[in-house]
Amino acid sequence: METQDPIPPAVPPPAPNPERKTLDDRAKMTELERIRHSCAHVLATAILRLWPDAQFAYGPPVENGFYYDLECSHRISPEDFAKLEEEMKKEIKANHVFEKLTVTREQAIADAQTGRLGGLAERPGNASKFKLDLLQNIPEGEPISYFKNGDFIDLCAGPHVMRTGNIGAFKLTTVAAAYYKGDEQGPQLQRIYGTAFKNKTALEEWLKLQEEAKRRDHRKIGAEMNLFAFDAEFTGPGLPLWLPKGGAILEELEKLAKETEFQAGYVRVKTPHLAREKMYKTSGHLPYYAESMFPPMELSGENVRCNEKEAAEEKFQEALRSLQYEQQTPQGVEALVGKLLSVSDEVRLSRTDRYYLKAMNCPHHHRIFAAEPHSYRDLPLRLAEYGTCYRYEQSGELFGLMRVRAMNMNDAHIYCTPEQFAEEFRAVNEMYLKYFSIFGLGKYQMRFSTSSPEGLGKKYVNEPELWKQTEDMVRKVLVESGINFVEVANEAAFYGPKIDVQVWSAIGREFTIATNQVDFAVPAKFGLTYRDRDNTDKTPLCIHRAPLGTHERFIGFLIEHYAGNFPLWLAPDQVRVITLGDDENLIKEGKRLVHELRQNFVRVDGDFTNEPIKAKIANAEHARVHTMLVLGPRDLEAGHVSVRLHTGGPQGAKPTAQVVADILQSIKERRA
RNA sequence: GCCAGUGUAGCUCAGUGGUAGAGCAACGGUUUUGUAAACCGUCGGUCGUCGGUUCAAUCCCGACCACUGGCUCCA
């Protein structure tokens with residue numbers, strides 16, 4: 001039977017540390033990490049036996065195994081894994097000692113130049129270029145060491161297991177491309193992923209766990225339950241179609257958000273899906289964000305008004321007037337044609353109006369704020385909207401519902417005074433926690449992202465004082481609320497610090513499920529003000545928040561969280577009334593019950609066919625119908641229905657009225 | 001966008017250089033049933049798209065598209 005037991009979607013790993021590991025960090029490596037790191041060396045050894053020209057970069061242990069990045073004339077594919085694993089087994093069987101050698105920097109550079117580092121022997125003319133680069137990054141004074149197993153010598157600080165034979169069980173998993181040092185502009189390397197364990201049993205257990213994780217993949221369950229569909233051919237990649245069953249979940253979430261926000265003093269607004277270019281020029285999102293936006297729609301024509309239009313037309317006329325003097329020579333004509341073309345292009349552009357599909361709702365909300373004058377007495381103003389946003393994510397980044405190109409955001413912008421900020425920010429965090437408790441969401445990480453002094457004026461607006469103030473405010477709220485969080489420098493939004501809630505998908509990918517951001521910059525760009533007590537105009541602070549993220553990602557996450565077995569209030573199929581056979585009286589009572597539930601807004605249907613009861617139950621179970629109400633002659637006689645839960649099996653017969661009341665109560669309370 | 005892999009009926013999957021099958025689903029019957037699948041029949045596919053090789057391509061080759069695993073990026 002399928003249950004809700006949490007197959008761990010991978011334990012939250014510590015935030016990946018882009019910085020170089022210190023020797024102290026390395027000394028803390030667990031035994032499993034040492035096994036995996038050692039296995040990376042064994043992999044490199046095997047690769048070199050097959051393709052001696054390979055040059056190696058990094059080969060660290062990672063959450064579920066290890067990888068080694070390399071450059072090699074041969075393109076390694078999974079078809080090569082069998083022979084690679086053969087070579088690796090030989091190296092493990094040879095049981096070589098991982099021998100540590102400490103060398104001078106000069107020696108290391110010399111060895112790298114001969115190609116000896118990350119090699120089985122010296123390779124004249126094939127210097128260990130990545131190792132040379134790595135050597136540059138080792139701070140003066142830090143000892144430099146090699147690790148040697150058999151013929152293979154690698155520049156490495158360790159630590160390792162004692163001998164290659166200590167690697168109990170391993171498996172190569174996948175190949176990928178990876179940029180050197182993660183830099184998109186840098187060289188692209190081949191990355192071979194593998195995993196290793198102390199013994200075969202542990203490896204097999206892990207592989208089994210991977211299989212189980214795949215079974216709760218939202219893409220698989222979404223298809224099984226008919227929640228959503230992708231239709232790349234007609235609708236487009238990354239543009240989900242919500243089927244009726246998925247629509248039901250979406251409606252429930254939206255209802256929850258609207259009720260919660262209403263009670264918290266939010267007001268609802270509605271804004272269009274697109275806006276003119278000026279919107280995003282003003283907000284500062286263009287040109288920085290243009291890459292992530294769908295290309296603009298260009299409208300041109302006489303009725304387009306634009307400031308530059310007249311100026312451009314003037315230039316055009318001027319070019320025409322010069323025609324008579326310059327057309328004497330061929331060069332003159334050519335120059336003139338070029339000039340006319342460029343000017344006419346200018347005129348065309350000046351007559352073109354550009355509309356962008358919105359990638360975020362904030363600018364629209366800012367314009368709503370600007371549509372009316374505001375007094376400090378109006379604040380805080382909390383504008384909420386399930387806004388539909390469009391982002392042109394790179395094709396390789398699309399991932400089921402978790403990463404799409406059209407999304408419905410549980411968005412709101414809170415405009416407040418600095419005095420109100422802490423209270424508002426705290427209230428938002430409380431809303432998060434309320435939601436998480438409704439969904440029984442325990443495995444997440446709050447990540448507090450701050451600026452960096454170096455990024456001021458570049459990545460971040462240049463307001464050191466405001467950065468410090470808002471970061472202090474946020475930190476204080478977090479600490480006072482007793483919320484566990486990690487602080488990450490240099491990850492803030494350009495307009496202020498933020499808190500992201502990180503969760504992990506069934507297959508272990510990390511996602512931001514919710515976000516809460518401070519904005520002390522953009523309202524000023526739009527000239528937003530409120531009249532303060534002292535009769536001066538001041539710029540409000542803005543909090544961007546999306547505790548339920550987007551429907552797409554949040555539902556994708558919930559599908560995996562519940563493994564498709566939703567609580568009653570969220571279940572697309574809440575109740576099915578199943579008659580035992582198709583006796584007229586049974587059907588009559590069945591229909592009455594369906595009608596009663598439906599009039600109380602329960603998503604209910606009836607199965608009154610003459611299929612055997614076992615088949616009808618099986619159908620309902622496969623559809624993950626939350627509650628099955630079986631109606632047979634005995635039940636009818638007693639005024640009962642027999643209750644069966646998808647996640648709990650048969651619950652016995654109960655009076656119909658009581659069952660209905662329980663169902664309505666469970667939905668109302670949004671019971672887990 | 002980059003690297004690798006995959007693409008056969010609505011779903012899960014077989015299969016072959018001589019224009020394709022199974023189970024489930026759907027539909028039509030028969031069956032009259034107490035909690036995960038009764039029986040019979042019918043329908044269903046230009047084998048992702050376009051080109052090439054070949055007497056002949058779903059199969060071999062190429063390009064493109066989409067999806068999957070990663071990289072980069074992000075709600």
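Quantities reported herein were computed from a predicted structural model and do not represent experimental measurements. Residue numbering restarts at 1 for every chain, and letters A, B, ... go by the order of the sequence lines.
- Among the protein residues, I613(A) comes within range of the sugar-phosphate backbone only, with heavy atoms under 4.0 Å from sugar or phosphate atoms but none that close to a base.
- When distances are taken from the side chain of D582(A) to each of U32(B), C67(B), G70(B), the shortest belongs to U32(B).
- Comparing C67(B), A75(B), A36(B) against the side chain of I617(A) picks out A36(B) as the nearest.
- With G34(B), A75(B), C2(B) as the candidates, the nucleotide lying closest to the side chain of R403(A) is A75(B).
- Looking at the side chain of F399(A), the nearest of the listed nucleotides G69(B), U35(B), C3(B) is G69(B).
- Nearest nucleotide to the side chain of Q188(A), out of G34(B), A38(B), C3(B): C3(B).
- The ring pair (Phe, Tyr, Trp, His ring centres under 6.0 Å) test applied to F448(A) returns no partner, not counting sequence neighbours.
- In this pair, Y495(A) and H544(A) present their aromatic rings parallel. The plane angle is below 30°, not in the 30 to 60° band.
- Considering only residues two or more places apart in sequence or on other chains, K129(A) meets the side-chain hydrogen bond (donor to acceptor under 3.5 Å, both in side chains) condition with E71(A).
- A salt bridge is absent between D607(A) and R576(A); no separation between the charged side-chain nitrogens and carboxylate oxygens falls under 4.0 Å.
- Nearest nucleotide to the Q394(A) side chain, out of A4(B), G1(B), U33(B): G1(B).
- The CG-C1' distance, from D183(A) to C2(B), rounds to 13 Å in whole Å.
- The side chain of T550(A) sits closest to A75(B) out of A75(B), C71(B), C3(B).
- Looking only at side-chain heavy atoms (C-beta outward), F56(A) and I47(A) come within less than 4.5 Å of each other.
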Secondary structure of RNA chain B per the Watson-Crick/G-U criterion (both distances under 3.5 Å; [ ] crossing, | other strand, . unpaired) is (((((((..((((....[..)))).(((((.......))))).....(((((..]....))))))))))))....
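- Here the P atom of nucleotide A4(B) and the CG atom of L70(A) are 13 Å apart, to the nearest Å.
- Of the residues near RNA chain B, F230(A) and G549(A), the one whose nearest nucleotide (by heavy atom distance) lies more toward the 5' end is F230(A).
- Closest approach to the A176(A) side chain among C71(B), G70(B), A66(B) is made by G70(B) (side chain taken as heavy atoms from C-beta onward).
- Closest approach of Y460(A) and S452(A) over heavy atoms only: CE1-N, 3.5 Å.
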